[in-house]
2 protein chains.
Amino acid sequence: MTKVQDPRAQKTRVQAAKLRSALKDVNAIVEGRNTIPILDCVLLRVEDQRITVTATDLDHCAIRDCASDDRDGPDSAKWLAGIRGFAVCLPAKRLEAVLGEFDGDAMVTVEIDPKSAGRVIVKAGRARFSLPTLPIDDFPLVEHVDTESEFELSCSQLSDALACVDHAISSEETRYYLNGVFLHPVGLDLRFATTDGSRLARWQLDGPVGSTSFPGVIVSRKSVEVLEKLLASAIKAKKDDQGEPPHVLIEVGGEGRWLRFSMPAEGGGDVEVVAKTIDGQFPDYDRVIPPSPPHCAVIDRSALAAAVKRVAVLVDVKSRAVRFGFTEGLLTLSVHTPELGEAVEELPCHYLGPDFELGLNSKFVREALGAIGSDNVALRFDADAGAAVRIVGWEDEAEAGALLQILMPVRV
Amino acid sequence: MTKVQDPRAQKTRVQAAKLRSALKDVNAIVEGRNTIPILDCVLLRVEDQRITVTATDLDHCAIRDCASDDRDGPDSAKWLAGIRGFAVCLPAKRLEAVLGEFDGDAMVTVEIDPKSAGRVIVKAGRARFSLPTLPIDDFPLVEHVDTESEFELSCSQLSDALACVDHAISSEETRYYLNGVFLHPVGLDLRFATTDGSRLARWQLDGPVGSTSFPGVIVSRKSVEVLEKLLASAIKAKKDDQGEPPHVLIEVGGEGRWLRFSMPAEGGGDVEVVAKTIDGQFPDYDRVIPPSPPHCAVIDRSALAAAVKRVAVLVDVKSRAVRFGFTEGLLTLSVHTPELGEAVEELPCHYLGPDFELGLNSKFVREALGAIGSDNVALRFDADAGAAVRIVGWEDEAEAGALLQILMPVRV
C-alpha cells in the first residue's frame, strides 16, 4: 500500500520569547556534560496547535507545554491549521542559545528541512539556522507513572517548604539517602525533612486532602532545585496576573519510585516534572531532636545573622567554628584562628541560665537563620556542650513557625 | 639616652565606607596567591590627619591617600590631634573583608594593640577584630621615580583611549612586548596601540603639552586594568560633584622604566599608580596597516554586531570563523560547523565592488565593533582574501573617529 504524501509542510510559528521560556524551564534538567548524546537534546513536539518540549536525564524529566495564541502572529490558529505536526530532537542548549539571540517579540519558524533529511531550520527575520537532529525514537521517555496517591498544595506552600529545608540536604555520596528532602505524612501533618548528619531541618504543615495516604518519599536534590525555579516562575507569573494563587499537583506512582509535579508555567501553559525518588531509607530523625532542652536564649535574628557573618570573616575555613558564649543577658561570639586573627562581638540576648559556651559552624548558623521568618530566634540547649542545639523562630514568648532546626555543636 | 615614651595612643578613626573604598582601590594590585607573604599586605600609614594605604606586587604599586574630614566623626581634627601616627602592614583582603561587614556609616577605629606586640585592633560598634601584622620594614616600597617627562590628560580621554584598544592586548607570554598598550608620541599626536599578531587597534589624539618629549613605553595589561577601574571611579565621583572634569598626570622616570599615574580618587583624596613598563621593543605596527584598500563596505554597526553574535552561536570554538560574503548592496554572514549546524544572515550594506568573500574571527569582529562609537562602520579590504582588513567608524561618507583597527582574515 503506498502512503499518500501529505502536502502540508512540517513547520510551526511561535514567538521567540515564548519558546525560549519553555526551553529554559526544561533545560534545567539537561546536564552540562553528557556521555549519551541524546540527553543533550530536547524533544520538540508540535501537534494540534500546541508545542511541547521535553528534556530528560533518565532520572528526571521535564515537560513544558504551550498553546498557540495571539502572540504567535495574526491568525495563528488558521495558519497552524494548514500545517502538519511533527516531533524532532534538537540540541537543547544550542537551540536556547539561538533563540536567545532573537528579539523576544520576533516570530520564529521551526521547520523540518524538506531538502535535507535530519535537519531542522529555525528562522527569524533575516537569520536562518540549520540544526542537526537526532532520531526521536532514541529519546528516552520516562516510564508512564500510574498515579497511586496524590495531593495538591499551593505553589507558595511547596516553595516555602523546600526553601526552608534545602540547605541541610547532604551532598555526601556514600549516604545517598540523605541527598534529598524526605517528604512524608505524620498523622494529619505533612513533613519535609533534611539532614546531613550535622544538622537537621524539618518543616511541617497541615496535610492537604490525600496526603495522609502518601508514602514517605525522598525527593532528590536535583528535583528540588528544578522545582524551586519552576515554582518561583509560577508564583511570579500569577502575581502579575492577579489571579488565583497557583497550585501544584503532586502524584506518586510505581510504588513510591516516581513522583510527578504539575503546575502552571510562566507565560501560559503547564509544566510537569517527573522524577525518580531516591530509593533508600531516610533515618528516623525524630530520635535526634532533643525534646525540650532546659536552657533558652532569645536573640534578634538579623542582628545575630550580621554578627555571625562579621566574626566569620576570620573563621577557620575547615571547621568554620564560632564560639557562642552565653552569660546572663549577653551573647559573646568569638573566633580565634591563630594565623588569621581574632574576632569578638557582643549581642544583647534574653538568657537567664548559667554561663555556658558552645561552638557552632558559622555557615550552618547563617543558613539556619536565613530560613527563619520571625524577628527573634530561640536557641535551646542542654548543659552538655556536646548535645544538639534547637533553633526555632520566636514571637511573644513562644516558639513560632513551622520550621524546627537542629545543629550539632563543633569543637572550639 | 633613654627615649621618653610618648603617652599618646597609636590609633585613628575613620568612616568605614571611606577606608573600604581606599582599600578597594589599592587591593586591585594584590594578587590572589602570593608566595611572598608581605605582598598579601597593605601598608596603612596614619600621619598628620591623613590615612595612606599602599599595595604592591613588586612591578606595580598603588597608593591611596585620604584626608580626615567630617565623615570621620564630630571634632575629627581635634580628636586626631591627640593621637600619634603609625604605620602597619595588615592583610589586605582580610582587612577589606572585615570592613565590608560594617555599615558604611560606622565609625571604625584602627589601633596598635598596646598589650600585644605586632597586632592591630579594628573596632566598630560592638565588634572587635585583632589582626596580625608583618614588619613594615619588609614592605617593598617601589623605588623613587625621578620624573623625566610628564603630561596631563583628562581622565575620560585616558579612559576612552584604553577602553578602545585594550581588547587587542596579547596574552601570549613568549612575545611579552605585546602584553600591553604601546603609548608613544608621533609628531604632535599621542598614540595608544595594541596588537596580538592577528589584529591591531590604534587610538590617536592631539598630544597634550609635554607629550612630544615622552618616550615610547609599553603599559602592562595589569596597569591598564587597574587604571581603567580607577579612572572610572574618578569620572563617576566628579560627575556626582558636577565640578571640573578630573585629570590624570602621567609621568615617566628611570629612563622609561617607570610610569606614574596620579588622579583624584572617589570619595576624596588622591590615588597614584606606579608601574614598571614592559622592557621590550613594540613592533613597527605601521607596516601592517594597509594604506588604503580599494574596496569599502559601509554597514550599520549595531545591526552588524547583533548579526555576528547570532551566527556565532554555531561557530567552531577554535577558529571562531565567520564567512563575510559581499555582493552589491548585500553582506551575507555565514557559519558552517559540521557537528553544530549552519547559520546564515543577510544584512543590507553599501558596497559596490566585485563579489568577494573573506573569513573573520567573530570574537575579534565583535570586540572591534564594540570599541567603535559611530552608527556605521566601514570595512576596507583588498581583492586578496589573505590581506588585512581595516575597520573604522564611518559618518557622512568619511572615516570617523580616532580609532583604527586592523583584522587579519582567517580561513573559512
Side-chain angles (χ1 to χ4, degrees), chain A residues 16 37 40 90-91 93-103 106 108 113 116 118-134 303-315 330-349, chain B residues 16 37 40 90-91 93-103 106 108 113 116 118-134 303-315 330-349:
Chain A
D40 283 329
L90 283 167
K93 305 273 178 178
R94 216 165 313 128
L95 182 59
E96 195 185 337
V98 165
L99 289 167
E101 293 305 327
F102 296 137
D103 284 345
V108 176
D113 191 338
S116 172
R119 296 190 81 86
V120 158
I121 295 168
V122 180
K123 269 195 294 195
R126 304 183 79 148
R128 179 181 183 280
F129 291 82
S130 164
L131 298 171
T133 64
L134 287 179
L304 178 59
V308 171
K309 187 159 177 247
R310 267 193 291 273
V311 300
V313 170
L314 298 187
V315 97
L330 195 73
L331 166 61
T332 307
L333 302 177
S334 60
V335 164
H336 176 76
T337 312
E339 63 275 30
L340 302 183
E342 287 170 38
V344 180
E345 182 154 354
E346 292 176 343
L347 277 168
C349 113
Chain B
D40 283 330
L90 283 167
K93 304 274 179 175
R94 217 167 311 128
L95 182 59
E96 194 185 337
V98 165
L99 290 166
E101 291 306 328
F102 296 137
D103 283 345
V108 176
D113 191 338
S116 172
R119 294 190 83 85
V120 158
I121 296 168
V122 180
K123 271 196 294 196
R126 306 183 79 149
R128 180 182 182 279
F129 292 81
S130 165
L131 299 172
T133 64
L134 286 180
L304 178 59
V308 171
K309 187 159 178 248
R310 266 191 292 272
V311 298
V313 169
L314 298 187
V315 96
L330 195 71
L331 166 61
T332 307
L333 301 177
S334 60
V335 163
H336 176 76
T337 312
E339 63 275 29
L340 303 183
E342 287 170 39
V344 180
E345 181 154 354
E346 293 176 344
L347 278 168
C349 115

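The chains referred to below are lettered A, B, ... by the order of the sequence lines, with proteins before strands, and numbering in each begins at 1. Quantities reported herein were computed from a predicted structural model and do not represent experimental measurements.
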Pairwise distance CZ(A:Arg126) to CG(B:Leu330) - rounded to 0.5 angstrom: 6.0 Å
- request: Hey, could you give me the CZ/CD distance between B:Arg128 and A:Glu342, rounded to the nearest 0.5 Å?
  value: 7.5 Å
- request: Pull out the residues in residues 93-100 of chain B that come under 4.5 Å of chain A, heavy atom to heavy atom, sorted by number.
  value: B:Arg94, B:Ala97, B:Val98
Option that, when pairs with chain A are counted at under 4.5 Å, heavy atom only, ranks first among B:Ala127, B:Pro91, B:Gly341: B:Ala127
- request: Please flag which part of B:Val122 lies under 4.5 Å from any non-hydrogen atom of chain A: side chain, backbone, both or neither.
  value: neither
- request: Go through the atoms of B:Leu340 and report whether side chain, backbone, both or neither lie under 4.5 Å from a heavy atom of chain A.
  value: both
- line: Closest non-hydrogen atoms of A:Phe129 and B:Leu314, given as atom of the first, atom of the second and distance, are CD2-CD1, 3.7 Å
